[in-house]
Amino acid sequence: MDDYTVKSVDKAFLLLEVVSDHPDGIAITELANRVGMYKSTVHRLLGTMMRRGYIEQDPRTGRYKLGYTVLDLGMKLLSSIDLRREALPHLQQLAQLSNEVVHLALLDRGEVVYIDKVESPNTIRMHSRVGTRVPVHATGLGKAILAFLPRREVQAIVDRYGLPKLTEHTITDRDVLLQSLQETRQSGYAFDIEEHQEGVCCVAAPIFEHSGRVVAACSVSGPSIRMGPDRLRELVPLVKQAGLRISERLGYGEGASRARG
C-alpha cells in the first residue's frame, strides 16, 4: 500500500490534521516542529492549501488555521445526502403552483451553483441550466444563503469576489448588501429584482440541514412582466413553505424552523 502513497499529499493531510487541533491557529515554527518537516516545506504546502481555501492565515497574528473549504466539504457530505432527491417533489409542486421556473442551488466556493431546475409551462421562461454558477450578491438564491451564514463568512466572500455590477439594479455597496441580508434573515426570503439579469425577477428561500446550518436555497424566477411586486409577494409563502418542507426532509427540526421565521 505504501507504494501508492504520494508523499507530498500525505504531508499536506498531516498538516491539515495538526492545524485542525488548533482552532485559534498555530505558528509555522510550531507546526513544522510538530510534524517533523522543514519550515520551507511546510510553507510551500501551506501556500498551496491556502490557494485552495483549505488553510487560512490570520493577517494579524500570522498563525494558520483551517479554511472554510474544509467546512464546505463536510457540509456537502451531509447536505448532499439525497438533497436533490428529497427536494424534487417540493420543487415540482412549487413549479406547478407558481407556473414559473424553479431552481435549487448550493453555495460553492463563494458562488451559487444551480443543482436542479424545474421548467415553467410558460413560453417566456428563464434561460438557465443545471451547473451554472452565478454571483451570490446579485441573486435571490445567493442572498437567501448568505443571510444565514456567519458574518465573517459573508465578509470573506465579499472580500474575495467583490460586488461587481451586473445590471443597473445590482447591489454594489457592502453596507446595503449587509442590510439586505439582515432583512432576509428576519423575513426568511430574498428578492432579486433584475439584479442579476435585466428583465428577470425571483424570490428565494433558504434550506437548512439537521444541525440548523443553511446548505441550499430554492427559488421561483420569471420575467419581470409577470413578476411584479404584487406577484412576488404572492409567491413568498409558497417559496418559504417549499424551503421549509425540504429542510424538514433533511432533518431540520420544527422548533428550529419556527425560530428562523
Side-chain angles (χ1 to χ4, degrees), residues 5-80 106-113 133 135-138 142-164 171-186 206 208-216 256 260:
T5 299
V6 179
K7 291 184 178 180
S8 59
V9 176
D10 188 61
K11 290 178 180 178
F13 281 127
L14 177 58
L15 290 177
L16 277 176
E17 291 169 1
V18 175
V19 171
S20 70
D21 290 330
H22 296 78
D24 295 326
I26 182 172
I28 190 169
T29 300
E30 181 183 358
L31 180 58
N33 290 336
R34 284 181 176 269
V35 297
M37 300 181 200
Y38 291 113
K39 281 180 61 177
S40 57
T41 301
V42 172
H43 189 266
R44 286 196 301 272
L45 291 170
L46 289 175
T48 300
M49 289 188 284
M50 286 175 64
R51 284 196 295 272
R52 303 296 298 182
Y54 289 91
I55 292 290
E56 292 183 356
Q57 185 179 26
D58 188 315
R60 184 176 56 84
T61 66
R63 299 170 74 86
Y64 294 88
K65 58 184 179 179
L66 291 183
Y68 286 108
T69 297
V70 177
L71 179 61
D72 287 342
L73 287 178
M75 291 311 306
K76 285 174 184 174
L77 178 60
L78 291 174
S79 65
S80 65
L106 296 172
L107 181 67
D108 179 62
R109 288 175 288 168
E111 296 178 304
V112 167
V113 182
R133 306 177 74 89
V136 289
H137 72 290
K143 289 186 286 184
I145 295 173
L146 286 183
F148 295 92
L149 289 178
R151 179 75 170 256
R152 60 179 181 176
E153 285 192 47
V154 176
Q155 297 280 17
I157 290 171
V158 173
D159 287 344
R160 180 173 181 181
Y161 293 95
L163 301 172
I171 296 175
T172 57
D173 182 274
R174 184 186 296 247
D175 291 336
V176 174
L177 176 63
L178 293 177
Q179 178 59 38
S180 175
L181 297 183
Q182 178 60 31
E183 293 170 0
T184 293
R185 188 175 181 88
Q186 293 172 350
F208 304 95
E209 45 85 84
H210 63 91
S211 72
R213 178 175 172 81
V214 64
V215 293
R260 291 287 185 181

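In this chain, residues are counted from 1 in sequence order. All values reported here derive from a predicted model rather than from experimental measurement.
Here the straight-line distance linking atom CG of Leu45 with atom OG1 of Thr41 works out to 7.0 Å at 0.5 Å rounding. Considering CZ of Arg34 and CD of Glu17, their distance stands at 13.5 Å, rounded to 0.5 Å. Taking CG of Leu31 as the reference point, atom CD1 of Ile26 lies at 5.0 Å (rounded to 0.5 Å). How far CG of Leu163 is from CD1 of Ile171: 8.5 Å, rounded to the nearest 0.5 Å. Atoms CG and CG, on Leu16 and Asp21 in that order, are 11.0 Å from each other to the nearest 0.5 Å. The CG atom of Leu149 sits 9.5 Å away from atom OH of Tyr68, with the distance rounded to the nearest 0.5 Å.
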Exercise. Do Lys65 and Asp24 pass the side chain to side chain contact (heavy atoms under 4.5 Å, CB included) test, and can you show the C-alpha distance, the side-chain angles, and the key distance before you say yes or no?
Worked result: CA-CA 7 Å; Lys65 58 184 179 179; Asp24 295 326; over 6 Å; no
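Residue Tyr64 is tested with Met49, Met50, Glu56 for a side-chain contact (heavy atoms from CB on, under 4.5 Å); the sole match is Met50.
His43 NE2: 12 or fewer foreign heavy atoms inside a 6.0 Å radius. Environment of CZ in Phe13: sparse, with no more than 12 heavy atoms of neighbouring residues, nucleotides or ligands closer than 6.0 Å.
When all heavy atoms of Leu106 and Ile145 are compared, the closest pair comes out as C-CD1, 4.1 Å. For the pair Leu146 and Val154, the tightest heavy-atom approach, listed with the atom from each and the gap, is O-CG2, 3.4 Å. Between Ala144 and Val214, the closest heavy-atom pair is O-CG2, 4.5 Å. Of all non-hydrogen atoms in Leu66 and Ser20, the two that sit nearest each other are CD1-CB, 3.6 Å.
A salt bridge links Glu153 with Arg213: at least one charged nitrogen is closer than 4.0 Å to a carboxylate oxygen. Using a cutoff of 4.0 Å between basic side-chain nitrogens and carboxylate oxygens, Asp159 and Arg174 are scored as salt-bridged.
The side chain to side chain contact (heavy atoms under 4.5 Å, CB included) search around Ala32 returns Lys39, Val42, not counting sequence neighbours. Qualifying side chain to side chain contact (heavy atoms under 4.5 Å, CB included) partners for Thr61, counting only residues two or more places apart in sequence or in other chains: Asp58, Arg63. With sequence neighbours excluded, the residues that form a side chain to side chain donor-acceptor pair (under 3.5 Å) with Glu111 are Arg133. In this structure, Tyr54 has no side chain to side chain donor-acceptor pair (under 3.5 Å) partners at least two apart in sequence or on a different chain. The side chain to side chain donor-acceptor pair (under 3.5 Å) search around Arg52 returns none, not counting sequence neighbours. Checked against side chain to side chain donor-acceptor pair (under 3.5 Å), Asp175 has no partners two or more places apart in sequence or in another chain.
Using a 4.5 Å heavy-atom cutoff, the side chains of Leu15 and Ile55 are not in contact.
His137 places a side-chain N or O within 3.5 Å of a backbone atom of Pro164 that can act as its donor or acceptor partner. At least one donor-acceptor pair under 3.5 Å links the side chain of Thr184 to the backbone N or O of Ser180.
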